Structures are given as structure tokens and as C-alpha cells.
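Bear in mind that the values here come from a model prediction, so they are computed numbers and not experimental data.
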Amino acid sequence: MNRRLAAIFSAVLLVVAGCAAPVADPNAASDDSDAAGGTADAADWSWPDDPPTDRLGWENGYWYNESIAVDQSDGLNDSEMEAFVARTMARVEVVRELEFEESVPVEVVSRAEYRNESDESTDPVHSDWNDQVWEALLLVGEDRTIDEVFDELYGGVVLGYYDPSEGRIVVVSDDDQPTIDRRTLAHELVHAAQDQQFGLDGSPTTQDAQLAHGGLVEGDARYVDGLYEARCEADWDCVPQPSSSGAGGGSVDYPVFLVIYTPYSEGPTFVSDLRDRGGWAAVDAAYADRPTSTEQVLHPNRYPDERPVAVTVEDRSSAAWTRYDTDPVADAVGEASIFATFWKHRAVDRAGLQQDPGAYSPYNYTAEPSAGWAGDAVVPYRPASDGTSEANPHERGYVWRTVWDTEADAEQFERAYVNDTLRLSLNASVAGEDTYRVDDGPFADAYRVTRDGDTVTVVNAPTVAKLDEIHERS
């Protein structure tokens with residue numbers, strides 16, 4: 001399990017790419033504004049007094065169409081915060097047609113406070129294992145760790161998060177005074193409603209499944225916050241945005257960003273497709289049968305029937321090498337992550353990222369070399385004599401097995417991986433039968449790539465001689 005991703009999606013985050021996007025700004029993409037969110041008759045609601053019992057469109061003393069006096073120019077005081085949150089809750093109920101069961105505490109912290117709070121200790125064994133998963137994707141090499149990349153990324157672009165363990169929202173403000181981006185508040189309140197109605201605790205055990213679950217959870221919230229914002233532009237009187245409502249800058253590894261942004265980009269179109277099938281009831285029902293792969297999120301017509309195949313890697317290592325003591329020992333990275341790999345190494349047309357996205361998605365994560373994915377498993381290896389956290393990252397290896405829908409899909413993946421990625425992007429040389437060597441850079445290693453029908457197996461080792469030590473040829 002990718003614990004860092006699990007933590008990211010359990011403290012469900014709103015990430016905005018404006019400061020980081022060399023290709024496009026996902027937050028700038030327009031949302032289709034047939035935007036009343038299925039509540040055309042709700043616009044006619046009007047009650048002069050509070051209702052005798054809680055109802056959709058009213059929360060904590062405020063109707064969704066009630067005017068409030070909130071001025072963020074000098075920060076939010078307690079009464080302004082209370083009114084802003086309560087009316088936004090009422091409006092989220094109207095757009096999403098989902099009732100809050102209880103109030104949601106909202107705390108505003110500075111970006112410096114957020115960075116301090118987000119520093120967390122990690123299990124060194126799991127971190128080392130996870131580094132090999134991201135190295136197998138050829139996204140994060142041996143010159144850095146994925147934890148370092150995540151720290152740089154999340155320190156600068158997070159606008160807020162909902163914490164299911166405490167049932168509260170934390171908004172990150174870049175102003176000296178506490179202010180809130182209204183779309184961020186609406187987004188995180190959707191997460192609170194999801195948690196109260198469906199539960200958000202727990203996480204799947206693989207990277208791909210975590211991203212897939214995020215496609216529903218984040219896609220729902222992102223879809224709703226877009227509908228909410230469209231109502232602000234069309235017919236609602238909304239609190240003006242604070243003077244500084246963007247992310248706080250920071251270094252961003254864009255291909256890694258593409259991986260973790262998958263739920264925010266592709267999820268809204270996935271949720272829109274569910275809603276087209278059966279209204280909000282179909283979206284609600286999906287929480288009991290959440291998507292299991294990014295393939296389903298990228299291709300909504302494959303949900304719920306087309307599930308990933310189980311992929312296993314037999315242990316054929318010598319006594320000199322061992323698998324990590326993790327549960328599970330293998331990860332699955334999935335179609336979206338494989339797309340990011342090929343995008344990074346120009347094995348696909350980079351311009352395609354912005355061509356023909358979904359109706360509610362800024363990006364298009366589909367490309368021929370990554371489409372047709374059926375399942376995969378990455379099994380990292382380390383020297384049997386090395387169980388310390390001070391291990392040499394160059395003395396590592398992995399076996400990555402991918403299974404495809406057809407032999408033609410497998411051939412296409414193999415060509416993109418070997419010819420465009422290893423040989424062209426990483427300057428690998430041929431070092432034997434199905435074997436390649438990268439001499440320089442963060443991915444300097446030996447690689448053996450074999451295909452058997454619809455299955456492609458990549459074996460990685462520090463040297464050509466050690467390939468058979470990690471996974472002996474069958």
C-alpha cells in the first residue's frame with residue numbers, strides 16, 4: 001500500500017495546479033453550467049423564518065439564498081466565519097442534494113502552520129519500498145525520494161483538507177488574516193457530507209485503487225464545487241474571493257503531480273457520467289461499490305463491470321535478494337500512472353494531455369500505450385543482507401509485471417517502454433537478449449523486458465549480472 005497516498009486521500013485534499021502547471025492550469029478549466037445542480041425548483045424556495053426542523057437548504061440558522069454580511073478584506077471574525085460556513089453548507093445541500101447530519105468545524109491556518117503540521121514521520125522500510133514503486137514508473141529516480149517530492153509539492157499547493165478522523169475542515173490561508181476561498185470551502189464541505197452519509201475512513205491497498213477511490217470522492221467534490229461556482233456567477237450573491245486565493249507556490253514535479261491529480265481531473269467527469277445514468281442516487285450508490293482502478297475512472301463506461309485482473313509475480317530471486325517485509329509485498333500502479341510515465345518521457349504526444357478532455361475534466365489521461373491495461377504488480381527487492389534504513393538506493397531492484405487486454409495492447413506498451421522510454425529518453429544501450437543498460441542519471445540500472453502474449457515483465461537490477469539474481473529467467 002502506498003501509505004503516503006493513502007494519507008493524502010484520507011485527509012481529503014483540494015489541490016490546485018495554478019502555480020505548478022507548465023502545460024495548463026486545471027483550476028482554470030470551465031465547468032459546464034447546466035449548473036443548477038438539479039435544483040431548478042429549489043431557486044423558488046423562500047422562507048422568512050427558520051424551519052421547525054432541519055431540512056435541505058437550511059443549516060445552522062441560514063437559508064441557502066439568504067444574504068450575509070461578510071467582508072474578508074480585513075480577515076474573517078467569528079460571526080462572519082459562522083455565517084459563511086453555515087450558508088455554504090446550505091448551498092452545498094441544494095447543489096448536491098445531500099443533507100448534513102451535523103455541523104462541521106472549520107479552522108483556518110497559515111501556510112507555514114500547515115507545513116509544520118504536515119511534517120510526519122514515516123516507516124523507513126515502507127518508504128524504501130515505495131521509492132522502488134515510483135522508480136519502477138521511471139518517475140522518481142535514485143537521486144531523491146518520493147517523500148521529498150511529496151513534501152515539496154503539498155507544501156505549496158494545498159488549499160485545504162477535510163480530516164475524517166476529527167470531522168473537521170482545515171483551510172490553508174496565504175493572507176496574514178484568516179480568509180477562505182469560497183470554492184475551497186464548498187469542496188471540503190462536500191467531503192464532510194460524504195463522510196457523514198457514506199463514511200470516508202479506510203483506504204485500499206494499492207496506489208491504483210487509492211487513486212480510483214479518490215476519483216469518486218474527489219470527483220464528487222470537484223464536480224459539486226464547479227456547479228457551486230457556476231451558481232455564484234449566474235444567480236447567487238456570493239462572498240467575494242480573498243485578495244490572495246491561490247496556492248502558495250513551491251517546487252512541483254509535474255509528472256508526479258499528474259499522477260496524484262488524476263482524481264481531481266478525471267473524477268468530475270466520472271461522477272457526471274454516474275449522475276447522467278441515474279441522478280444523484282447513482283452517485284450515492286457508488287460509495288457502496290467504489291471504482292477499483294483508474295481505468296474505470298478514465299473510462300466511465302467500464303465501471304462497474306470491468307475490474308482489474310489479479311497479477312502475481314513468482315519469487316525467483318537468489319538467496320542474495322529478498323522482498324520487503326510489507327503488507328502487501330506488491331503494489332499496482334494502474335493506467336493513469338503509466339500514462340504519466342509515458343508523458344514524462346515523451347513516449348506519447350504531450351499535447352494530447354489537453355485534447356478532448358472529459359466534459360468536466362481539464363486533462364485527458366488516455367493514450368494508446370497505456371490504454372488496454374488490465375492489471376499490474378510491482379514487487380520491490382533489496383539485498384538480503386541489508387535491512388537498515390541507511391540502505392544504498394542504488395542497490396535495489398524490482399519486478400514489474402503488466403497484463404493487457406490483448407496481445408496488441410501488450411506489444412504497444414512494450415514498444416513505448418523499450419524504444420521511446422528506455423532507449424530514446426534514457427539513452428539505454430542493448431546489453432543482451434531483451435536486456436538494456438542505462439549508464440547515467442537517476443535511473444542508471446539494468447533492465448530486462450520480456451513479453452509473453454498479453455503479459456510484459458520488467459526486471460530491474462543495479463547491474464546486468466544481478467538481473468537473474470532478482471528474477472531468474474524462466
- Do the ring planes of Tyr287 and Phe198 sit parallel (below 30°), tilted (30 to 60°) or perpendicular (above 60°)? parallel
- Message: Under a 4.0 Å threshold between the charged nitrogen and the carboxylate oxygen, would Arg183 count as salt-bridged to Asp225?
- Response: yes
- Message: Between Glu472 and Ser318, do the side chains contain a donor N or O and an acceptor N or O under 3.5 Å apart?
- Response: no
- Carboxylate-amine/guanidinium contact Arg144 Asp253, below 4.0 Å: yes
- Item | Check: Tyr154 ring centre within less than 6.0 Å of Tyr114 ring centre | no
- Message: Run the side-chain hydrogen bond (donor to acceptor under 3.5 Å, both in side chains) test against Asp273 and tell me which residues pass, sequence neighbours left out.
- Response: Arg277
- Check salt bridge (charged side-chain N to carboxylate O under 4.0 Å, His left out) between Asp376 and all other residues, then give those that pass, not counting sequence neighbours. none
- Salt bridge Glu229-Arg182, side-chain N to carboxylate O under 4.0 Å: yes
- Ionic contact status for Glu295 with Arg302, cut-off 4.0 Å: yes
- Item | Counterpart residues, side-chain contact (heavy atoms from CB on, under 4.5 Å), relative to Glu411 (two or more places apart) | Arg415, Arg451
- Closest non-hydrogen atom pair between Pro105 and Gly167, with its separation: CD-O, 3.3 Å
- Message: Under 6.0 Å between ring centres: does that hold for Trp280 and Tyr223?
- Response: yes
- With sequence neighbours left out, the residues meeting salt bridge (charged side-chain N to carboxylate O under 4.0 Å, His left out) with Asp289 are Arg307
- Note on the structure: Sequence neighbours excluded, the answer for side-chain contact (heavy atoms from CB on, under 4.5 Å) partners of Thr457 is Val399, Arg401, Thr450, Thr455, Val459
- Item | Closest approach of Tyr324 to Pro380 (non-hydrogen atoms, all atoms of both residues) | CD1-O, 3.6 Å
- Task: Report the residues that fulfil salt bridge (charged side-chain N to carboxylate O under 4.0 Å, His left out) with Glu166, sequence neighbours left out, ordered by chain and then residue number.
- Result: Arg168
- Message: Tell me every residue that passes salt bridge (charged side-chain N to carboxylate O under 4.0 Å, His left out) with Arg316, counting only those two or more places apart in sequence or in another chain.
- Response: Glu314
- Task: For the pair Tyr398 and Tyr447, name the ring-plane relationship: parallel under 30°, tilted 30 to 60°, perpendicular over 60°.
- Result: perpendicular
- Measure the acute angle between the ring planes of His191 and His187, then classify it against the limits of 30° and 60° as parallel, tilted or perpendicular. perpendicular
- Query: How would you list all residue pairs meeting salt bridge (charged side-chain N to carboxylate O under 4.0 Å, His left out) that involve residues 193-212, not counting sequence neighbours?
  - Reply: none
- Atom CG of Asp452 with >12 non-hydrogen neighbours under 6.0 angstrom: no
- Message: So, using side-chain hydrogen bond (donor to acceptor under 3.5 Å, both in side chains) as the criterion, who are the partners of Asp131 when residues are at least two apart?
- Response: none
- For Ala461, all residues meeting side-chain contact (heavy atoms from CB on, under 4.5 Å), sequence neighbours excluded: Lys466, Leu467, Ile470
- Residue pair Ser425 / His345: nearest heavy atoms and the distance that separates them: OG-ND1, 2.7 Å
- Are there more than 12 heavy atoms of other residues, nucleotides or ligands under 6.0 Å from atom CG of Asp315? yes
- For Ala336, which residues count as a side-chain contact (heavy atoms from CB on, under 4.5 Å) partner, sequence neighbours excluded? Thr262, Thr294, Leu298, Tyr365
- Query: Do the two ring centres, one from Tyr254 and one from Trp343, sit under 6.0 Å apart?
  - Reply: yes
- Sequence neighbours excluded, which residues qualify as ring-ring contact (aromatic ring centres under 6.0 Å, His included) partners of Phe100? none
- Query: Just by distance, with hydrogens left out, do Ser165 and Asp163 show a side-chain donor and acceptor under 3.5 Å apart?
  - Reply: yes
